[in-house]
Amino acid sequence: MSNTSIPSTASAPDAPAASSDITGVGVSPGRVIGRVARMAPPVEAPDPAEKAAPGRSIDDEYARITDAAAVVQAELTARAETVSGDARDVLEATALMASDPTLAKAAKKLLDDGRSAERAVWEAGTSIAEQFAALGGYMGERAQDVYDVRARLVAALRGVSAPGLPNPGHPYVLVAVDLAPADTATLDPAQVIALVTSDGGPQSHTAILARALGIPAVVAAPQATTLVDGVEVYVDGTRGRVIPDPSDAERADADLAARQSEALVPFDGTGRLSDGHEVALLANIGGVKDAAAAVDANAQGVGLFRTEFLFLGRDTEPSVEEQVSDYRAVFAAFPGKKVVLRTLDAGADKPLAFLTNDDEPNPALGIRGYRTSLEKRQVLVNQLRAIQTAREAENADVWVMAPMIATADEAADFVGLCREAGLPTNGVMIEVPSAALTAAHIFATADFVSLGTNDLTQYTMAADRQLGSLSALNDPWQPAVLQLVQHVGQAGRAAVSTGASAGSASGVDAGTGAASASATTGKPVGVCGEAAADPALAVVLVGLGVTTLSMTSRAIQAVSTVLRSVTLDEAQTIAAAVVAAPTAADARRIAREHLPILETLGL
């Protein structure tokens, strides 16, 4: 592979694990050394015998609960306004849960025998969380949010601060059982130089936001709870290793990693392989602040604009005018560049009072994404109208795609709605095996597809992506997942495009930037899941036929540098070897053996 612009110094090879080493799942690359600061202990449960203060009635105690809920909601909402993207989504969702009357009403029923408000909230929260956990899947993950809100309510009732991130007065390695979403969302990478949790999984809030912030992270490391404040540790977020009292060799490796990061080639705004084959490198965003970060990273556009930010935390649907204003603000940041919007992905872990039901037995397989339009079509129609109005007012190359499409009929229905709204370039997300296997039929109407590898992996492997215990299954390197990607890539290459349907309103192919003829072979195949941010996997994806990659802005430079070390033929050779591997571990190993630049860069 050609990597002449990169120094040849490689990182130290893996050493045998010592008995004191802690292993987990590496979810965000980087190698650093720092001192441990543990997450503050959780709020202690009120004594089961705790009673209301003398003279307080049931109504008095209930008023205290509702007042505390308002305080917690206001605090979380204020914090949400200071961040953007995934962080904002998480904080707003937690604020919405704090304001949901379900918990307060459940607690009120427990006040009859004189329980204190604190004890009633604790018991009600426990009961609701256990109900969520029993449902499993996305709803099971919501149990952690309930526990977080329960603790915050009790702290507010006691008049004390809820546990938060430590502040030892210097940069540190944060160690926790797991982080509440509201705390994860406000991590400061200038202070938290690495993150280690005993629980969590590769697609948990903690892992996703660590990657977005560029913080080395290891999750699902059970022995992390044995680490104490102040101990110095070496953290390898690629290999999932945490080593207390690092040796001179590990110190040298961490120093090398810091120098290696400087070898990344600045991204010049055009993703390409070493032979000049172009692969557009786009950004995943959740709002205007994320758009600014994408512009700063020189992203070629937006491959995933999550539109939920405008809908979450509301009891009613936002007006078309409100939506137009927010969409225009993002479009304005990318004049002449592609911006791919995902229509509202409500349901499962993103319930909306005006759109989804909260009584589904298995929400991850229920009414979510495009499926919400089956009963409440006007919400999607209004959103498409708002997108088109914003598009006409700005100069971005706007594409639209629907989440949770399972069949060619659904794809045709969505594309038809988009055409009625006047939108010229319309596609779907491929997140379930049925859509991947019937991609050729989907391409009959869709102008493009984008693979959401997070959901595609969990649905292919029947493994909840939030569970650390299933992280080995929930891995995009799994052969079954890669074979589905290969199938979609082949369908994309074989699809026939006509005029603007070749990929954009201007007839420009998304993968190469070349002008389209009136009829050409090939339609764009993108990846906007977490897999696109893995430089090794990015090479494999391109070799499997993917034409665009969309990721957190922080990952673009590393992905670009690695892609520029291979030709298209080499990427295809690597992909063929990887997709034939019997296991995910073999697939990853084969890719890394073909890409020595990864060790050179410490990736």
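Just so it is clear, the structure is predicted and the values come from calculations on it, not from any experiment. In what follows, residues are counted from 1 in the order of the sequence shown.
Side-chain contact check for C528 versus M401: some heavy-atom pair is nearer than 4.5 Å. Looking only at side-chain heavy atoms (C-beta outward), F305 and V398 stay at 4.5 Å or farther from each other.
Looking only at distances, no side-chain donor or acceptor of D586 sits under 3.5 Å from a matching main-chain atom of A581. The closest donor-acceptor contact from the side chain of Q300 to the backbone of G271 lies under 3.5 Å. With hydrogens and angles disregarded, a donor-acceptor distance shorter than 3.5 Å links the side chain of T547 to the backbone of V525. A distance-only check finds no donor-acceptor pair linking the side chain of R342 to the backbone of L304 [under 3.5 Å]. When atom types are taken as modelled, the side chain of Q486 and the backbone of V579 share no donor-acceptor pair closer than 3.5 angstrom.
A salt bridge links D21 and R241; the closest N-O separation between the charged side-chain nitrogens and carboxylate oxygens is under 4.0 Å. A salt bridge does not link D534 with R588: every distance from a Lys NZ or Arg NE/NH1/NH2 to an Asp or Glu carboxylate oxygen is 4.0 Å or more. The residues E599 and R31 are annotated as not salt-bridged, no charged nitrogen and carboxylate oxygen being separated by less than 4.0 angstrom.
Ring-plane geometry between F448 and W399 is classed as tilted, the angle between the planes lying from 30 to 60 degrees on a 0 to 90 degree scale.
In this structure, a donor-acceptor pair under 3.5 Å is absent between the side chains of Q478 and D475. In summary, the side chains of R391 and Q388 do present a donor paired with an acceptor at a separation below 3.5 Å, with no hydrogens or angles considered. Counting only N and O atoms by type, the side chains of N284 and S550 include a donor and acceptor under 3.5 Å apart.
Closest of all the heavy-atom pairs between F334 and G301 is CD2-CA, 4.0 Å. Nearest heavy atom pair, residue I22 against residue A221, reads CG2-CB, 3.8 Å. Taking every heavy atom of both residues into account, Q572 and G543 meet most closely at CG-O, 3.7 Å.
Of the residues N298, L549, T548, the one that meets the side-chain contact (heavy atoms from CB on, under 4.5 Å) test with L281 is L549.
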